[in-house]
Every structure is written in structure tokens, then in C-alpha cells.
There are 2 protein chains.
Amino acid sequence: MARTPPGKQPQDPGTPDALPRHARAGKAVTIRDVAKVAGVSPITVSRALNHPELVTPETLERVRAVVSRTGYVPNEIAGSLRSRRSGIVAAVFPQITNSMFVDTIQTLTDCLRQEGYQVLLGLSSYEEREDELIAGIVGRRPEGIYLTGVAHAPETRRRLIASHIPVVEAWDLSPSPIDMLVGFSHEKAGEAMARHLLAKGHREIGLVWGNDLRAGVRRQGLLSVLAENGIHEVPTSLEPAPGMFQRGREGLAELLGSGARVSAVACSSDVLAQGVIAEARDRGIRIPEDIAVMGFGDFDFAAHTSPSLTTIAIEKALIGRLAAQALLARIQGREVPERIVDVGFRLVERGST
Amino acid sequence: MARTPPGKQPQDPGTPDALPRHARAGKAVTIRDVAKVAGVSPITVSRALNHPELVTPETLERVRAVVSRTGYVPNEIAGSLRSRRSGIVAAVFPQITNSMFVDTIQTLTDCLRQEGYQVLLGLSSYEEREDELIAGIVGRRPEGIYLTGVAHAPETRRRLIASHIPVVEAWDLSPSPIDMLVGFSHEKAGEAMARHLLAKGHREIGLVWGNDLRAGVRRQGLLSVLAENGIHEVPTSLEPAPGMFQRGREGLAELLGSGARVSAVACSSDVLAQGVIAEARDRGIRIPEDIAVMGFGDFDFAAHTSPSLTTIAIEKALIGRLAAQALLARIQGREVPERIVDVGFRLVERGST
DNA sequence: GTCGCCGATGTTACCGATACCATTTCGACG
DNA sequence: CGTCGAAATGGTATCGGTAACATCGGCGAC
């Protein structure tokens with residue numbers, strides 16, 4: 001069901017018959033058509049559009065007039081092929097429904113668009129092989145690639161290095177990034193959570209935790225600090241996916257149901273923590289008096305719930321901006337002073353602990 | 001700071017010296033290089049990769065071996081130019097930080113990837129002229145375009161129609177879509193909210209509302225039903241952006257501060273409603289006894305807060321899936337039985353009203 | 001007056017794949 | 001045994017821009 005009946009092209013009402021015949025015969029308008037009508041060579045049209053400063057004001061205006069009259073839209077694919085600049089940056093996220101990354105995506109996209117780059121979005125969640133996704137992306141010859149996380153198949157790593165495309169990994173740290181890196185230490189974040197709870201006098205600490213890669217590292221950090229302090233029993237409700245609200249409720253229920261005593265619950269995300277708090281409230285458990293709760297991420301609601309949520313604040317938008325800047329710098333051939341940027345994190349103490 | 005020191009190309013350790021010299025001299029591997037090494041013509045390599053069934057198993061294997069040995073990655077840009085198939089679908093959202101659209105994005109992207117399409121993400125929020133964004137997108141010759149909403153500049157509309165690219169608008173209804181449409185009536189959703197509150201006996205209804213386009217339409221619907229029922233005074237706290245949690249709190253505070261009496265508060269999103277509930281609780285206002293609250297969107301937490309949230313449920317993922325299917329059908333030349341699909345909405349009554 | 005340079009524009013070739021059509025081979029079948 | 005057709009492969013042109021270099025006219029410096 002074609003939008004246009006076959007053999008009959010719509011007559012753009014605003015377009016006078018100034019085009020060469022074949023342009024009106026259904027083929028798309030090309031730069032040659034514009035050139036012909038404007039009485040210049042194709043390259044001059046190209047210059048008028050991409051480097052207006054190289055062209056006489058008169059020619060410029062003439063070309064622009066023809067462009068708008070004919071509705072010419074440059075074929076960026078052709079341009080990309082010849083100039084070897086695709087104007088595209090690819091961004092890969094594990095998934096976006098848990099909303100941990102949306103600020104980063106938003107900022108990244110905004111920053112790149114300001115410099116004329118479009119973002120190719122890759123979601124690797126349901127991808128058994130991130131490698132396939134990356135291969136498909138590299139084929140499109142993006143000028144930069146943003147990756148979430150630092151754990152990639154060796155094959156992926158090799159492919160990316162071989163491609164010579166600027167890469168920035170984000171949301172994690174690694175001593176040996178593929179190229180550039182903007183992130184923070186999840187291990188230290190976990191440690192900070194542990195220390196905070198210990199400092200508050202808690203020694204019976206439960207976890208309601210998601211099972212993604214980075215959360216796992218935070219958990220390691222947390223557990224190691226607890227172990228250093230002689231705490232080896234840490235009741236944990238481990239959820240398979242990066243949990244949502246309801247999983248927080250279930251998590252607390254599971255912890256309490258197991259008979260373990262907990263005076264504090266640490267969660268791998270604020271959303272989980274919110275669920276834990278909801279469940280606690282329904283059970284008449286006071287927060288923080290009976291149980292302290294802390295989250296991770298400092299989502300927008302964290303400061304405004306009651307009690308407000310103690311959490312780890314990440315500069316999510318900053319990560320996006322720095323990643324964009326790093327890629328842009330590399331693309332434009334500028335110096336990248338620091339290949340590895342640690343944006344750190346802030347433990348924000350609020351009412352829930 | 002180039003990753004590779006100038007004049008010195010990295011020696012891929014895993015690659016034997018089977019490549020033509022110029023391939024090793026720093027230029028990317030092309031289909032010709034592969035063809036030469038495999039002892040076939042370029043077109044055969046192309047077929048081996050894209051239509052393996054047209055090629056002898058032996059040739060296929062030989063080509064594949066060379067491809068993996070040389071690390072050849074087909075240049076999709078060149079392929080796109082010749083074949084006039086970019087393998088790209090563009091998706092435009094106003095913004096993603098309010099998380100209303102993330103499920104749609106996720107599903108849309110997943111469905112399209114399964115068919116080999118990549119998604120070009122456009123965020124039009126900070127774009128004064130959506131038109132510019134669209135123009136940039138059309139230049140990339142996507143095979144389909146997903147747009148959020150039905151309100152577009154006439155210029156944008158014209159450009160899209162002229163482009164002959166399949167378009168699906170979503171998250172709204174319109175009698176005259178650009179091409180295809182998957183959405184629901186915001187007006188009716190607003191009306192349903194009003195009727196529900198009226199049925200619950202409320203006549204003093206306040207609004208805490210975001211100011212985006214579609215929310216505005218819902219508000220119209222809501223107000224018109226209230227007006228039909230003789231209610232003309234509707235205290236409203238109108239927030240500029242599609243509000244977050246904190247704005248819900250402020251909204252309720254504003255309503256109460258204005259001296260208006262309200263027995264029910266309708267919100268333009270669940271997140272706002274959650275904020276309203278938090279504020280009410282802090283003020284000792286019981287929900288739903290003192291004030292009923294309802295939201296919009298049926299976010300994941302809505303069913304699990306206490307009280308659970310009465311809201312309008314939208315099949316967000318379904319919208320993404322249907323939109324993807326509509327585009328794919330049109331791209332693949334299949335029939336699209338219904339150009340306009342109304343996915344409707346469900347009023348979900350829960351504890352907050 | 002001549003030279004040289006600069007700014008504006010044009011000519012040509014090319015980016016790297018695939019569409020289109022031609023060619024070759026080989027087996028089936030009359 | 002010759003013809004036909006399908007399967008496998010190849011040659012050539014082409015997609016629509018832009019890089020690289022060439023050309024041309026005008027103007028200032030010596």
C-alpha cells in the first residue's frame with residue numbers, strides 16, 4: 001500500500017515547474033538538478049550548503065533559493081561515503097527502561113547534536129552477543145562510539161580497536177579502557193555505602209540488590225568492607241534484573257521472611273530502595289528508626305520522599321556531557337588531555353539512615 | 001592525540017600477512033581486498049555476505065574465512081548509497097528524562113533490530129525548530145520515521161510527505177496523520193479521569209498538571225466533562241515542564257495554599273501523583289479519605305505504592321511494537337491494513353481514589 | 001608592465017558497495 | 001545428441017555527493 005499511487009507523483013503545490021524534467025519524473029532531486037537550475041556547478045552547490053563562506057553572497061542566495069524551491073535535501077549517505085565523515089555517533093546502553101541512563105542519553109544526544117552529529121542508539125540488553133550489535137554499528141562507520149560499561153567480549157574489543165573509531169566507555173572504571181573512559185568506581189561506591197552504614201552503627205545489614213554487572217561490583221566493594229569489619233553474614237535478596245519498585249518490596253519481604261535480623265538495608269538502586277521503604281511502611285516498620293535504608297543513583301525523587309533517601313549521587317548528565325566532549329575532541333583532532341576521567345560520586349546523607 | 005602514532009600503523013597480531021599490500025598500508029579493508037584474497041569477484045563476496053543462498057557452500061566458506069581473517073567490516077554507507085536502503089529508522093521523542101517514553105523506545109528499538117534496522121535517535125526538546133532536526137534526519141535517508149505526537153510544523157509535514165519515507169506518528173490521535181498512526185485519544189483519557197472522579201462523588205477537583213502538548217489535550221477533555229457537570233472552578237497548578245516528583249509536592253502545596261477546597265487531585269502523570277501523595281502524607285492528609293489522587297501512565301510503581309495509585313494505563317510497549325510493525329510492513333512493501341490504530345487506554349482503579 | 005597571489009568556480013575522479021545484465025557450466029530432457 | 005534452463009559467477013555502470021586539483025579573472029607590489 002504505497003502512499004503515492006504508482007505512476008502518479010504528487011504535485012507539490014508550492015513548486016513551480018523550474019526543475020529539469022527527470023526531477024519531476026519521480027526521481028529525487030539531486031545536487032546536479034539544483035546546480036543546473038541555479039546555473040552553477042554541483043560542487044558550488046555543495047560549497048554553498050556546507051561552506052557558505054567560500055561562495056559569493058549572490059551565488060549563495062541563488063543556490064539557496066533553488067534549494068528551497070525544489071525541496072532539495074542533500075543525500076548525506078553519498079556525502080558520508082566520499083568525505084568519510086558519517087556525522088553519526090553510536091551509543092550503546094544495556095537497556096533504558098530502568099531509567100538509570102536516561103539523563104546520560106539525553107545529555108549525550110544534546111551535546112552531539114549541537115555539533116551536528118546524530119546518535120545511533122543501540123540497546124544491548126536482549127542481545128546475547130553484544131558483538132553482533134557492535135559489528136552492525138561499526139559497518140555504519142560512526143565517527144565515535146559511546147559504550148556503557150567496560151566489560152566487553154575480547155572479540156568486540158579487538159574489533160573496536162581495529163576500527164580506529166574513537167570510543168568512550170562510561171559508567172565504570174578500568175585501568176585499560178579501549179580508548180577513553182568517563183566513569184567512577186563502583187567498588188568504591190559500594191565501600192562508601194558500607195562505611196556509611198557502619199558509621200551509623202549498623203552491623204546487621206541486608207542487601208536488596210540487582211544483578212547487573214556494575215551492581216555486582218558495588219556489592220563486592222560493600223561486602224569487602226563489611227568483611228574487614230568482621231561482618232560475614234549478609235542476608236541478600238538478589239534480583240535477576242536491575243530491579244523496579246515492586247522488586248524492592250519483594251526484596252524486603254524476602255529478607256524479613258528469612259528470619260535474618262537486619263537493622264539496615266542497602267539497595268542497588270533508588271527505585272529498589274523506594275520499594276523497600278514502601279514495604280516497610282506497610283508493615284509498620286519505621287524508617288530509619290527500625291530499619292535504615294539506602295539507595296543508589298540519587299534519582300529525582302530521592303530528595304523528596306519521606307523520609308528522604310540516603311543514596312549515592314552520580315552526575316549522570318555530566319557523564320553524558322564529558323563523553324560527548326571527549327568524542328568530539330577526538331573526532332575534531334583536538335587533544336584529549338585525560339583519557340580516563342573519574343567523575344566520582346557523592347554519598348548524600350538524608351533521612352532514611 | 002591520535003590513538004595511533006602518526007605514520008605507524010598497529011600490527012594486528014592475529015592477522016597473517018594474507019592481505020594485499022595496500023590493505024596493510026593503513027587503508028581499511030574493502031570488499032575488493034577480500035575478493036582478491038579469496039580469488040573471487042567483489043560481487044561474489046557481496047553475495048556471500050548478504051545472500052549466502054546464492055553461493056556455493058565452498059565459495060561461501062572461503063569468503064567467510066577471508067572475511068574473518070582480514071577483519072573486513074562491510075561499509076554499509078557505500079551499500080546504502082547503491083542499494084538505496086539505509087537500514088536505518090529514525091525515532092523522534094520530545095525528551096526521555098521523564099521516562100514516559102522509555103518503554104516505547106525500548107520496544108521500538110528491539111523490534112526494529114530484529115529485522116536488521118538500526119535506530120537513529122532524535123530528541124526534539126531543546127530544538128526550537130523540530131523542522132531542523134527532521135531535515136537533518138531526512139538527509140540520512142532513513143527507511144522509516146517514528147514521530148512522537150501529531151503536532152508538527154506545516155513545513156515539517158510537507159517535507160516528510162515529499163520525502164516519501166514511511167512515517168508513523170504515535171502517542172496521539174489525529175484524523176489526518178502524515179502517514180500512519182498508533183496512539184490513543186488524550187481527550188478521552190482526560191474525560192475518563194473526570195468521569196471517574198465524578199463517579200466517586202468528587203466535585204471539588206484540583207489539577208496538578210504538566211504543560212506539554214498532549215497533557216494539555218487531556219486537560220481540555222477533563223475540564224469539558226467537569227463543565228458539563230456544572231463544575232467551572234477548577235483550581236490548577238500548572239507546571240511548565242512535564243513534571244517530576246518534587247513538582248507534585250509543590251503542586252499540592254500550591255493548591256492548598258490558594259485556599260481552594262479540593263477533595264480530589266488529578267495529575268498529568270503518575271510521577272506528579274506520587275509527589276502529591278508524598279506531600280499529602282507529610283501534611284497528615286489521608287488518601288483517599290481526605291483527598292483522592294489519580295495519575296496518568298501506570299508507571300511500574302503505580303500498582304505498588306500505598307495507597308496504590310488510580311491511573312490511566314497506556315500500553316507503552318505495544319505502541320512501540322505496533323509502530324515498528326507498521327513501519328516494517330510499509331518498508332517491506334506489505335499491506336498496512338489500518339493506517340490509524342487506536343490502542344486506547346484503561347482506567348485502572350486502585351486505592352488512591 | 002609583469003608577476004604572483006587570492007578568491008571564486010569548475011573538472012575530474014573517486015568513495016565502496018550493489019543493481020543489472022552477461023557469461024559460463026552443467027544436468028535434464030526431448 | 002542437441003537444446004534449454006537453472007545455478008553460479010563475473011563485468012560494468014552507477015548511487016550522489018565531495019576531495020583534489022585546475023582554471024580564471026582581478027588586483028596589488030615591484
Side-chain angles (χ1 to χ4, degrees), chain A residues 19-20 22-23 26-63 67 70-88 116 136 138-141 143 163, chain B residues 20 22-23 26-63 66-67 70-88 116 136 138-141 143 163:
Chain A
L19 311 191
H22 70 277
K27 317 249 339 170
V29 183
T30 74
I31 202 169
R32 262 166 265 265
D33 301 324
V34 175
K36 216 165 292 177
V37 176
V40 295
S41 72
I43 191 70
T44 300
V45 176
S46 171
R47 281 196 270 256
L49 296 175
N50 300 319
H51 308 280
E53 75 279 4
L54 295 179
V55 156
T56 318
E58 298 88 69
T59 356
L60 181 55
E61 193 178 351
R62 198 143 37 92
V63 169
V67 165
T70 55
Y72 169 64
V73 180
N75 185 329
E76 307 284 354
I77 294 178
S80 299
L81 177 59
R82 181 59 177 117
S83 69
R84 296 161 166 287
R85 279 182 282 103
S86 65
I88 281 180
V138 171
R140 298 237 142 77
R141 303 293 190 264
E143 296 183 55
S163 76
Chain B
H22 71 276
K27 319 250 335 172
V29 184
T30 75
I31 204 171
R32 259 166 269 267
D33 301 323
V34 175
K36 214 165 293 177
V37 177
V40 295
S41 75
I43 190 73
T44 300
V45 175
S46 171
R47 280 195 273 256
L49 297 174
N50 299 320
H51 308 280
E53 73 281 3
L54 295 179
V55 155
T56 317
E58 298 88 70
T59 352
L60 181 55
E61 193 180 349
R62 198 142 38 92
V63 169
V66 176
V67 165
T70 55
Y72 169 63
V73 180
N75 185 329
E76 308 283 354
I77 295 178
S80 299
L81 176 60
R82 183 60 178 107
S83 69
R84 297 159 166 286
R85 281 181 282 102
S86 65
I88 281 180
V138 171
R140 297 238 141 77
R141 302 293 191 263
E143 296 183 52
S163 76

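Every value quoted in this text rests on a predicted model; they were computed, and no experiment measured them. Naming: A, B, ... by sequence-line order, numbering from 1 per chain.
A side chain to side chain contact (heavy atoms under 4.5 Å, CB included) with B/Y72 holds for exactly one of B/V37, B/D33, B/L49, B/V63; it is B/L49.
In this model, the phosphate group of C/dT9 is approached by a side-chain N or O of A/T59 to a distance below 4.0 Å at OP1 or OP2. At D/dA19, none of the side-chain N or O atoms of A/R84 fall inside 4.0 Å of OP1 or OP2 (strictly under the cut-off). Within the structure, a side-chain polar atom (N or O) of A/Y72 is placed less than 4.0 Å from OP1 or OP2 of D/dG17. An OP1 or OP2 oxygen of D/dT18 is reached within less than 4.0 angstrom by a side-chain nitrogen or oxygen of A/S46. The phosphate of D/dT18 (OP1 or OP2) has a side-chain N or O of A/N50 nearer than 4.0 angstrom. For the OP1/OP2 pair of D/dC15 and a distance below 4.0 Å, the side-chain nitrogens and oxygens of A/T30 include no atom meeting the criterion. Not one side-chain nitrogen or oxygen of B/S41 sits closer than 4.0 Å to the OP1 or OP2 atom of D/dG11.
Computed from coordinates, the B/D33 CG to C/dC15 P distance equals 11 Å when rounded to whole Å. Protein atom CG of A/L54 is 13 Å distant from nucleotide atom C1' of D/dA19, rounded to whole Å. As a whole-Å value, the separation of A/R141 CZ from C/dG16 P is 8 Å. Between A/R140 atom CZ and C/dG16 atom P there is a gap of 17 Å when expressed in whole angstrom units. One atom, CD1 of B/I77, and another, C1' of C/dT18, lie 15 Å apart when rounded to the nearest Å. Spacing between atom CD of A/E53 and atom P of C/dA8 amounts to 10 Å, rounded to whole angstrom units. Rounded to an integer number of Å, the gap from B/L81 CG to C/dA19 C1' is 12 Å. Separating the NE2 atom of B/H51 from the C1' atom of D/dA7 is a distance of 16 Å, rounded to the nearest angstrom.
Using a 4.5 Å heavy-atom threshold, the side chains of B/T59 and B/R47 count as separate.
Taking both residues in full, the closest heavy atoms of A/N75 and A/I77 are given as OD1-N, 2.8 Å, listed atom of the first, atom of the second, then distance. Here the closest heavy-atom approach between residue A/S41 and residue A/A35 is recorded as C-CB, 3.7 Å. Contact between B/S86 and B/R140 at its shortest, heavy atoms only, is CB-O, 4.1 Å.
For A/R47, taking side-chain heavy atoms from C-beta onward, the closest of the listed nucleotides C/dG10, C/dA17, D/dG16 is C/dG10. Closest to the side chain of A/P42, from the set C/dG10, D/dT18, C/dA17, is D/dT18. Distance from the side chain of B/S83 is smallest for C/dT18 among the nucleotides D/dG11, C/dT18, C/dA17. Considering only the side chain of A/I43, C/dG10 comes nearest among C/dG16, C/dG10, D/dT9.
Evaluation of atom-type donor-acceptor distances gives a pair under 3.5 Å for the side chain of A/R32 against the base of D/dG17. Between the side chain of A/R82 and the base of C/dC14 there is at least one donor-acceptor pair of N/O atoms closer than 3.5 Å.
Within 4.0 Å of A/R85, counting heavy atoms only, lie sugar-phosphate atoms of the nucleic acid but no base atom. Contacts of B/S80 with the nucleic acid, taken as non-hydrogen atoms under 4.0 Å apart, are absent.
Sequence order on DNA chain D of the closest nucleotides to B/G39 and A/I31 puts B/G39 first from the 5' end. Judged by closest nucleotide on DNA chain C, A/P57 is the one of A/P57 and B/A78 placed further toward the 5' end.
Separation of atoms OG (A/S80) and CD (B/E76) is listed at 13.0 Å; rounding is to 0.5 Å.
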